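Inspection log for the structure reproduced underneath, given as C-alpha cells.
None of these values were measured; they are calculated from a predicted model. Just so it is clear: chains get the letters A, B, ... in the order the sequence lines come, proteins before strands, and each one is counted from 1.
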Amino acid sequence: MKKTRIFLPREVVKRLRKSYPAPATALKWQSPWELLVATILSAQCTDVQVNKITPGLFSRWPDPKSLSMADPQEVQEVIRPAGFFRTKSRNIIQAGEIINRRFQGRVPADMEDLMSLPGVASKTANIVLYGAYGINAGVAVDTHVKRTARRLGLTRSQDPGKIEKDLMSQFEQDDWGDLNHMLVLLGRETCRARKPLCGECPLFEICPKFISI
DNA sequence: ATCCCGAGGG
DNA sequence: CCCTCTGGAT
C-alpha cells in the first residue's frame with residue numbers, strides 16, 4: 001500500500017534551515033559589481049576555482065570603468081582557469097561598459113536591467129538581486145538546484161524556467177533566495193550528482209526516493 | 001541542439 | 001578515459 005504523502009515544501013525549508021543556519025554563496029565578493037562578475041565567471045565552474053582568480057582580476061581592474069577599458073587578451077589570461085575564458089572575458093568587459101555608461105557605474109537592482117547584460121540570465125540575475133540587494137525576485141536555478149529539486153519531487157521538469165516557476169509556486173517568497181543557497185549546499189555536500197550520501201541527508205525521511213518503495 | 005573550455009575527481 | 005562544476009547565447 002502506498003504511504004501517505006508526508007512531503008511538504010514547508011518541511012523542506014524547516015529541515016534545510018536547521019542544517020544550514022547561515023545560507024550564503026561560497027563566492028568571495030565585496031561589492032555588487034564583484035558579486036556580478038564572480039557569478040558570471042562561475043558558469044560551469046566551481047566556486048573554489050572562481051575564488052582563485054577574482055582577487056587578481058579585481059586588483060588589476062577594480063571597477064566597471066577600468067574593466068571596460070581593459071585589453072580583452074589580458075583579461076582572458078587572468079580568468080583562463082575558469083573555462084569559457086573568451087566568452088566570459090567579452091561578457092564582463094561589455095557588462096562593465098554598459099554599467100558604466102547606462103547605469104552610472106552602479107549594478108542595477110532590477111531584473112530586466114540585469115538580464116540586459118551579456119552573460120547574465122535568470123540564474124545570475126537572481127543571485128545578484130538577492131546577494132547584493134536582498135531582493136527575492138525568484139529562485140536561481142543551477143545544476144544543483146535542478147538536481148536536488150527533481151530528486152525531492154519539487155518539479156518534474158528539466159527546463160530551468162519551469163523549475164523556477166514550480167519552486168516559486170510552492171515556497172514563500174521570503175525563502176526564495178535562501179532556498180537557492182541551501183539547495184546548492186545540499187547538492188554540493190550531500191545530494192551530490194555522482195554518489196549521493198543519502199544516509200546522512202537531512203531530508204532523507206521526506207525524500208520521495210525513499211518513500212513508498 | 002550545440003557550442004563554449006579549463007580544472008578536479010574517480 | 002569519463003563525469004561534473006551555482007549557464008548563457010546562438
Nearest-Å distance for atom pair CZ/P, residues A/Phe84 and B/dG6: 10 Å
Of the listed nucleotides C/dT4, B/dC5, C/dG8, the one nearest the side chain of A/Ala193: C/dT4
Does A/Val120 reach a base, just sugar-phosphate, or nothing at all? Heavy atoms under 4.0 Å. sugar-phosphate
Listed nucleotide nearest any side-chain atom of A/His144, set C/dG7, C/dA9, C/dC5: C/dC5
Using OP1 and OP2 only, check whether a side-chain N or O of A/Gln44 sits under 4.0 Å from C/dG7. yes
Can you tell me the distance, in whole Å, between the CG atom of A/Leu117 and the C1' atom of C/dG8? 13 Å
Rounded to the Å, how far apart are A/Gln49 CD and C/dG7 P? 14 Å
Please indicate whether A/Glu189 has more than 12 foreign heavy atoms, meaning atoms of other residues, nucleotides or ligands, lying under 6.0 Å from its CD. yes
A/Glu164 side chain to A/Ser122 side chain, donor-acceptor N/O pair below 3.5 angstrom: yes
Inspect the contact between A/Arg188 and A/Asp47 and indicate whether a charged nitrogen and a carboxylate oxygen are less than 4.0 angstrom apart. yes
Below 4.0 angstrom from OP1 or OP2 of C/dG7, is there any side-chain N or O of A/Ser42? no
Euclidean distance, atom CZ of residue A/Arg86 to atom P of B/dG6 [Å, nearest integer]: 7 Å
Between A/Ser66 and A/Asp63, is any side-chain donor less than 3.5 angstrom from a side-chain acceptor? yes
To the nearest angstrom, the CG-C1' distance between A/Leu185 and C/dC5 comes to 15 Å
Are A/Tyr20 and A/Asp178 linked by a side-chain donor-acceptor pair shorter than 3.5 Å? no
When all nucleic acid strands are considered with a 4.0 Å heavy-atom cut-off, which category describes A/Ala140: base, sugar-phosphate, or nothing? nothing
Chi angles and distances behind the side chain to side chain contact (heavy atoms under 4.5 Å, CB included) call for A/Leu57, A/Trp61: CA-CA 6 Å; A/Leu57 182 69; A/Trp61 301 285; 3.6 Å; yes
Could you give the CZ-to-P distance, from A/Arg147 to C/dC3, as a whole number of Å? 15 Å
Start at the 5' end of DNA chain B and walk down; is the nucleotide closest to A/Phe85 or to A/Arg194 reached first? A/Phe85
Does A/Ile127 reach a base, just sugar-phosphate, or nothing at all? Heavy atoms under 4.0 Å. base
Toward the 5' end of DNA chain C, which comes first, A/Thr25 or A/Gly119, by nearest nucleotide? A/Thr25
Reckon A/Asn91 touches a base, only the sugar-phosphate, or nothing at all at heavy-atom distances under 4.0 Å? nothing
Rounded to whole Å, how long is the line connecting atom CD1 of A/Ile79 with atom C1' of B/dG6? 11 Å
Nearest to side-chain heavy atoms of A/Ala121, which nucleotide of C/dG8, B/dG6, B/dC5: C/dG8
According to a strict under-4.0 Å criterion, is A/Thr124 in side-chain N/O contact with OP1 or OP2 of C/dG7? no
Between C/dG8 and B/dA7, how many Å separate the two P atoms, rounded to a whole number? 22 Å
Using a cut-off of strictly less than 4.0 Å, decide whether A/Lys52 has a side-chain nitrogen or oxygen near OP1 or OP2 of B/dG8. yes
Can you measure A/Met115 atom CE to C/dA9 atom C1' for me and round it to whole angstrom units? 12 Å
